Amino acid sequence: PKTKVLHIGGIFPINGTEGWQGGMACQPSAMMALEDVNSRSDLLPGYKLKLHWNDSECEPGLGALVMYDLLYKPPQKLMLLAGCSTVCTTVAEAAKMWNLVVLSYGASSPALSNRQRFPTLFRTHPSATVHNPTRVKILQNFGWSRIAILQQAEEVFISTVEDLETRCRESGIEIVTRQSFLNDPSESVRNLRRQDARIIVGLFYVVAARRVLCEMYKQGLYGSSYVWFFIGWYEDNWYEANLAQEKIECTREQMKEAAEGHLTTEALNWNQDNQKTISGMTVEDYRKRLNAELLKKGHDVTVRFPDGYQEAPLAYDAVWAVALALNRTMHRLAERGRSLDDFTYNDAVSAGEIYSAMNATQFLGVSGTVAFSSKGDRIAWTLIEQMIHGQYNKVGYYDTQTDNLTWLAEARWIGGKIPQDRTIIIDKL
Ligand SMILES: CC1(C)CO[C@@H](CC(=O)O)CN1
């Protein structure tokens, strides 16, 4: 019987107004996984896993307070779960002082892939740079070697673009211009026109994306001669939502027309086939259970998805990764005559065992195969979609590890011709 308890801490962004409040769906999802791992007699024999958590509101200051509260209040915690890039930056940088592994289910900032600053951080949420090998692969597939970049001036996009530039250089893809804006993209879009940009990679949050789309319409930077890459994790009808509140000067029809044909890339957070995962559930079993759990908390997903719904599988799998790593550690420690019960914040030996157990993680979760790079980054597939008549069509999947691009459907181009990446000057015959 599971008479002893192992304690872990959890920091979830739930009631804030800024940033990503994904704890709304991720915290219930983590509790589901806790219930599942604790019902497994073959996992952590003799121990129950207990999660002590609190709300960070996606605010780094509050996140730090929650972390200190979790660490200074008994019982001793073995690991921390955290979400939101800003909170994880603070928590993961401090956690090393307590020899704690931090598992992030909701942080996309490329800056976190830094083993010097964050030596014990692992993420089930991929870094935003996961889009870049996919973007390069698509560019190569269509023979585009001259592109432009339009980005919002936010840290996550700045570091993502730096990674994209490196990959383009390595692949012989020329970046004719890189435009960056804070809130108003009109000048940047004008500069794209001046440079005769045709293939444009856009990196911005969804509110800025609506401004860009309307600006594209006004300046005619859309249609059969252009290809835009947008981020794929905006809500489905993002291009026609909130136009009045955000004072967008284009109509829904104009937004839809400007959006026609654009491509998107996003990380796959939900396992794609219906295999049984490590928990015994298929991803559809998981979705049904999650929807029922959320309904109990007042979130009816048939009305609208709560924040973090897309990332909920990442939180579920994060708890499984913790349980599997601790399970492996307790067996390793037993061989050395030690036990997890003796873990203290200055027990570097056990911390080292927990780290190497987490580093060796590999299992099929509801978010797909869970495995980490040497920097603790999630290794993930990406999904490529194309907007046709206002709807996203799945066009393909890309697996960076095997450089395998699986096409599901042909990309469709206005007039049936693949757009060119530059103006072709036909010499007078
Ligand atoms: C795909 C997205 C929305 C990117 O931001 C993550 C939150 C963060 O990085 O702070 C959550 N998932």
Side-chain angles (χ1 to χ4, degrees), residues 10-27 29-30 55-64 66-67 80-93 102-114 117-118 121-132 134-135 151-152 154-161 163 202-209 229-236 238 241 264-270 304-318 366-368 375-378 380-385 392:
I11 307 174
F12 296 93
I14 299 179
N15 295 309
T17 53
E18 297 293 312
W20 178 71
Q21 301 306 323
M24 275 189 215
C26 287
Q27 189 275 333
S29 180
D55 180 3
S56 70
E57 300 184 10
C58 196
E59 288 294 336
L62 185 53
V66 167
M67 176 185 71
L80 288 176
L81 293 178
C84 267
S85 288
T86 51
V87 171
C88 289
T89 305
T90 310
V91 168
E93 188 134 44
V102 174
L103 205 56
S104 176
Y105 53 84
S108 62
S109 169
L112 289 164
S113 310
N114 178 335
R117 277 188 71 192
F118 313 108
L121 175 66
F122 292 87
R123 296 193 261 183
T124 52
H125 188 298
S127 161
T129 55
V130 77
H131 297 250
N132 291 335
T134 316
R135 290 167 174 145
Q151 71 172 104
Q152 190 174 7
E154 290 277 346
E155 183 271 328
V156 62
F157 301 129
I158 293 165
S159 36
T160 302
V161 166
D163 176 80
L203 295 102
F204 18 75
Y205 286 119
V206 70
V207 172
F229 286 70
F230 282 6
I231 288 175
W233 43 253
Y234 305 153
E235 65 269 17
D236 274 350
W238 65 272
T264 63
T265 52
E266 65 190 288
L268 275 178
N269 296 333
W270 293 69
R304 62 169 262 118
F305 290 119
D307 261 18
Y309 188 83
Q310 270 312 318
E311 294 86 353
L314 306 178
Y316 183 88
D317 287 346
V366 288
S367 69
K375 297 179 181 169
D377 282 342
R378 172 67 186 271
W381 283 52
T382 52
L383 169 65
I384 304 159
E385 292 185 318
Y392 279 120

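Ligands are counted one by one from 1 in listed order, and the atoms in each one are counted from 1 as well. On a predicted model such as this, the values are computed, not experimentally measured, just so you know.
Counted by atom type alone, Asp317 and Ser367 present one or more donor-acceptor pairs between their side chains at under 3.5 Å. Side chains of Ser85 and Ser109: no donor on one and acceptor on the other come within 3.5 Å.
Under the 30°/60° scheme for interplanar angles, the aromatic rings of Tyr105 and Trp20 are found to be tilted.
Protein residues are said to neighbour a ligand when one of their heavy atoms lies under 4.0 Å from it; for ligand 1 these are Trp20, Cys84, Ser85, Gly106, Ala107, Ser108, His125, Trp233, Glu311.
Taken from CZ in Phe118 to OG1 in Thr89, the straight-line distance is 5.0 Å, to the nearest 0.5 Å. With rounding to the nearest 0.5 Å, the separation of CZ in Phe157 from CD1 in Ile231 is 4.5 Å.
Within 6.0 Å of the CD atom in Glu235, the count of heavy atoms belonging to other residues, nucleotides or ligands exceeds 12.
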